[in-house]
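Below: the structure, in structure tokens.
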Amino acid sequence: MNFELTEEQLSIKNAVKEFCKKEFQPELALELDKKEEFPLKLYKKAAKLGFTSLFFPQEYGGQGFGLIETCLAIEEMCRSDSSLGVAISVGPFGSEFIVEFGTKAQKEKYLPSICKGDYISAAAFTEPNVSGSDITRMETTATKYGDEWWINGTKTFISNAPIADFVVVLTQTDTKVRPTYRGETLFVVDKDTPGLETTKLHNKMGIRCSVTGEIHFDNVKVTDLQIVGELNRGFYHSMEFFDKTRVGVAAQAVGMAQGAWEIAFKYSKEREAFGQPILQHELIGCGLAEAITKIEAARWLTYRAAWLIDEGKMDPMITAMAKQYASKVAVETTDFAIQTLGAYGYLAEYRVEKFHRDAKITEIYEGTSEIQKLTVLKYLLRKF
Ligand SMILES: Cc1cc2nc3c(=O)[nH]c(=O)nc-3n(C[C@H](O)[C@H](O)[C@H](O)COP(=O)(O)OP(=O)(O)OC[C@H]3O[C@@H](n4cnc5c(N)ncnc54)[C@H](O)[C@@H]3O)c2cc1C
């Protein structure tokens, strides 16, 4: 057992840290957060340095590292700024499908541009009516006419939808089969395909630099060449996808918790009340000590989940534990950070309120905390 990062991992972590220190200016972050604007220039800069393509294969322009290195980068970015960090690290969201299940032609078409930061992608599962936590049945259908599939339906709450160059979408290709999830298929669709339209959703509570939107499919025509993975295996591919990407959400949560904690700790040493720094008041000092303990536990659970995946021993139970625990720690810690700063914590310029608003999403997207607990339970029952 070795709990130390390698030299290479440390240098990635430090390089991302330096990048964020220089580029993630608090004023810019607040402005983009207010305007709900994606940080395109920063995304491209981060991509040029390889920070958004750490686990992508080298033959397509990626860095050829694993999920641990990816988590280190996500964590550092979200520690520096939770909204910019999420927006940038989620820029290639959905491209993991192409890496894992894509054909050679799909890889050649999409991955080099994703790695360079010229492309942004999206993955669309959620629908307005039933499908959110439950993706076992899709109202969005793909129906075969001759050599073409016609896609119809609406996807909602899709990260990057308004700015994505392509989207990987989960559809129902067989409406008769039972259980219904055995009739779901993934397609990759380019943004300028006729019949595809996107709209932007506004006024999110947090991660406002990460733009979110709806995608409408009105007789969008695609071919077999755009199927990602196997026909009618889309549900299974999606489950595998989430077992990996959820670790990235856990890393977002760890970074956010750490970032807010650092602001609170510094403040607590400087702010005085009743004749001494508030850190010396047990309720604040011990609260901060307890918070950093939980952050450390969440961090190592996240690294373990990532390490298992890198070792080819993916354990969905550990992934679910990491996401569920880290997101809880992020929400709790960012809340306590506001409390530590008192009234100042309630002001945007002190940044902890943004960390808190941003942290909440980690308990919701890519599977809510309730769904993570159910996953843990499912695997526990299988094991014992
Ligand atoms: C900012 C943002 C970005 C997003 N990005 C994407 C994206 O890129 N792609 C995409 O496809 N989706 C995306 N989503 C959607 C997100 O993944 C879903 O919101 C999430 O999976 C939950 O689905 P839902 O909102 O429909 O909630 P529901 O499924 O309606 O759940 C509502 C509540 O019921 C609980 N619940 C549901 N089932 C059970 C159960 N069996 N047992 C106990 N409790 C249960 C849930 O935990 C939750 O608390 C995004 C959402 C947001 C807010």
Side-chain angles (χ1 to χ4, degrees), residues 33 36-38 78 82-97 120-140 151 153-172 181 184 186-189 191 198-217 228 234-235 237-239 241-246 248-250 252-253 256 319-320 323-324 327-328 330-331 354 357-378 381:
D33 183 70
E36 304 182 320
E37 194 177 312
F38 183 81
C78 290
S82 39
S83 188
L84 291 176
V86 167
I88 291 170
S89 57
V90 169
F93 187 60
S95 297
E96 299 88 343
F97 276 123
I120 289 170
S121 55
F125 315 91
T126 308
E127 299 182 343
N129 295 324
V130 181
S131 305
S133 302
D134 177 6
I135 62 160
T136 57
R137 185 176 68 85
M138 293 291 125
E139 285 186 348
T140 300
I151 305 179
T154 297
K155 296 287 179 181
T156 192
F157 287 111
I158 308 307
S159 300
N160 301 333
I163 53 171
D165 295 278
F166 65 94
V167 55
V168 177
V169 57
L170 187 62
T171 66
Q172 197 76 40
Y181 57 81
E184 292 179 356
L186 293 159
F187 289 89
V188 57
V189 187
K191 72 165 179 205
T198 61
T199 47
K200 185 172 171 179
L201 292 170
H202 292 280
N203 295 324
K204 297 206 301 285
M205 174 183 177
I207 58 159
R208 290 159 64 99
C209 295
S210 170
V211 295
T212 312
E214 288 203 333
I215 309 183
H216 309 278
F217 297 86
V228 182
F235 173 81
H237 296 333
S238 301
M239 288 294 110
F241 166 85
F242 282 127
D243 283 334
K244 292 183 181 168
T245 59
R246 277 172 184 159
V249 179
Q252 291 173 11
M256 291 179 193
T319 294
K323 183 183 184 283
Q324 191 265 125
S327 59
K328 184 170 185 245
V331 171
K354 185 154 84 71
R357 287 190 288 109
D358 293 342
K360 183 61 196 169
I361 193 60
T362 62
E363 291 192 318
I364 298 173
Y365 64 8
E366 296 192 44
T368 62
S369 294
E370 289 75 18
I371 297 301
Q372 304 316 307
K373 286 177 199 171
L374 289 176
T375 304
V376 172
L377 197 55
K378 183 174 92 180
L381 289 170

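The figures that follow rest on heavy atoms only: side chains count, while hydrogens, waters and symmetry mates do not. Each ligand, and each atom within it, is numbered from 1 in the order the structure gives.
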### Query
Would you say Ile207 and ligand 1 have an N/O pair spaced under 3.5 Å apart?
no
### Summary
If you scan protein heavy atoms around atom 43 (C) of ligand 1, the nearest is Glu370 CB, 4.0 Å
### Query
Under the side-chain hydrogen bond (donor to acceptor under 3.5 Å, both in side chains) test, which residues partner Lys360, sequence neighbours left out?
Glu363
### Which segment of Lys155 sits under 4.0 Å of ligand 1 when only heavy atoms are counted
neither
### Query
Mind checking what makes ring-ring contact (aromatic ring centres under 6.0 Å, His included) contact with Phe38, not counting sequence neighbours?
Tyr43
### Message
Give me the residue, atom name and distance of the protein heavy atom closest to atom 20 (C) of ligand 1.
### Response
Ile364 O, 3.6 Å
## Note on the structure
From the list Phe97, Phe125, Tyr365, Phe235, ring-ring contact (aromatic ring centres under 6.0 Å, His included) partner of Phe242 resolves to Phe125
#### Entry: Thr126 contact mode with ligand 1 (heavy-atom cut-off under 4.0 Å)
both
### Lys204 N/O under 3.5 Å from ligand 1 N/O
no
### Query
Where's the contact between Ser369 and ligand 1, heavy-atom distance under 4.0 Å: side chain, backbone, both or neither?
neither
### Query
Any protein heavy atom lying closer than 4.0 Å to atom 30 (O) of ligand 1?
no
### Query
Any nitrogen or oxygen of Asp134, main chain or side chain, under 3.5 Å from a nitrogen or oxygen of ligand 1?
no
#### Entry: Nearest candidate to atom 3 (C) of ligand 1, where distance is taken over non-hydrogen atoms, out of Ala122, Ser159, Gly132
Ser159
### Task
With heavy atoms only and a cut-off of under 4.0 Å, state how Ile361 meets ligand 1: side chain, backbone, both or neither.
side chain
### Close N or O approach (Phe157, ligand 1; < 3.5 Å)
yes
